Amino acid sequence: TSPPQRPWLARTLPISQRVELLLANLTVNQKIQQTYAVHSSEKVARQFQQDGVGSVKFLSAFDEDLETSIQKRNQLQSDFLAASGIPISFINEGLHGGAPGGTIFPMPVNQGATWNRTLVRLIARAIAIEARAIGVDTVFAPVVNLWTDPRFGRLQEGYSENPFLTATLGMEAVLGLQHNVTTPSDYLDNVSVASLGKHYAAYGAATGGLNGGPASVDRRMLFEVYLRPWSALASVGMRACMPAHNTVLGVPCHANEYLLKDVLRERFGFRGVALSD
């Protein structure tokens, strides 16, 4: 149930209709603040309370005990809704665990070595349940970087250097996190989280293996290797993606209209949100 003056809060309405109602009500400043991702403390997040904020990530490492931190999260959400009517998206990591004090699973590189699709999906389900239990609605997972250069310093976050295996296990992770919801028009249930894949794209192709270095790939290699997992993730309804911190074909990924719009949305059919960390 929602107040008549805030009809976009009514869960009985379709998601698309709620989005239209909310956008029509937002001021320019509120729209700008919805692009902010606050990765800091509760105190910092409250600076945005009057006009809302896109997302908050302070549930990764608690200053207090678990119960107190969840109470603070709930109070923060309640206060934001009272002030602006715009809920916060609470985001956390989700590669091999979903909550501080929760289950810690092997890193994705170890999961990939199993070649076990069922296992990867079950791990994702457990991560989703534990993350949602502390109030998280979106997790930074899966990572489908292809670490074709052994010097790449973040290889443990990805499943493998193989595009087929990485795409296959990445799809299982998305389905596990989102509890088999594959269409953007359907609501996720209360034991699921939105899957935010990263890093789009060719992050593991960094020149010299340097984190964030320019991707050293041509267009053919880009599509045959590095974009194959992203096509797969989009096909099973991944709800968000994180643009990579590098350049691809000479253009920064965060400002790469060709990659984000022409390829990801129009060619691969992605219907989620692109969110920087």
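Remember, it's a predicted structure, so these values are computed and weren't measured experimentally.
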Can you list everything that forms a side-chain hydrogen bond (donor to acceptor under 3.5 Å, both in side chains) with [X]? Sequence neighbours excluded, please.
X: Gln178; result: none
X: Thr247; result: none
X: Lys31; result: none

key: All salt bridge (charged side-chain N to carboxylate O under 4.0 Å, His left out) counterparts of Glu266, not counting sequence neighbours   = Lys261
message = Show every ring-ring contact (aromatic ring centres under 6.0 Å, His included) that has at least one partner inside residues 257-277, sequence neighbours left out.
response = none
ask   = Going by the side-chain hydrogen bond (donor to acceptor under 3.5 Å, both in side chains) test, which pairs reach into residues 115-128, not counting sequence neighbours?
value = Arg117-Glu172, Arg121-Glu172, Arg121-Asn180
remark   = Applying ring-ring contact (aromatic ring centres under 6.0 Å, His included) to Trp230 and not counting sequence neighbours gives Tyr200
message = Going by the rule ring-ring contact (aromatic ring centres under 6.0 Å, His included), which residues pair with Phe152 if we only count those two or more places apart in sequence or in a different chain?
response = Tyr203
Contacts table for residues 47-56: side-chain donor-acceptor under 3.5 angstrom, sequence neighbours left out:
residue, atom, partner, partner atom, Å
Gln49, OE1, Arg46, NH1, 2.8
Asp51, OD2, Asn29, ND2, 2.8

Those residues that, when tested against Ala215, pass side-chain contact (heavy atoms from CB on, under 4.5 Å) (two or more places apart) = Ala202, Ala205, Val217, Asn246, Val248
remark   = By side-chain contact (heavy atoms from CB on, under 4.5 Å), His254 pairs with (sequence neighbours left out) Pro243, His245, Ser276
Return a table of donor-acceptor pairs under 3.5 angstrom between the side chains of residues 97-105 and protein atoms on other chains or two or more places apart.
residue, atom, partner, partner atom, Å
Thr103, OG1, Glu130, OE2, 2.6

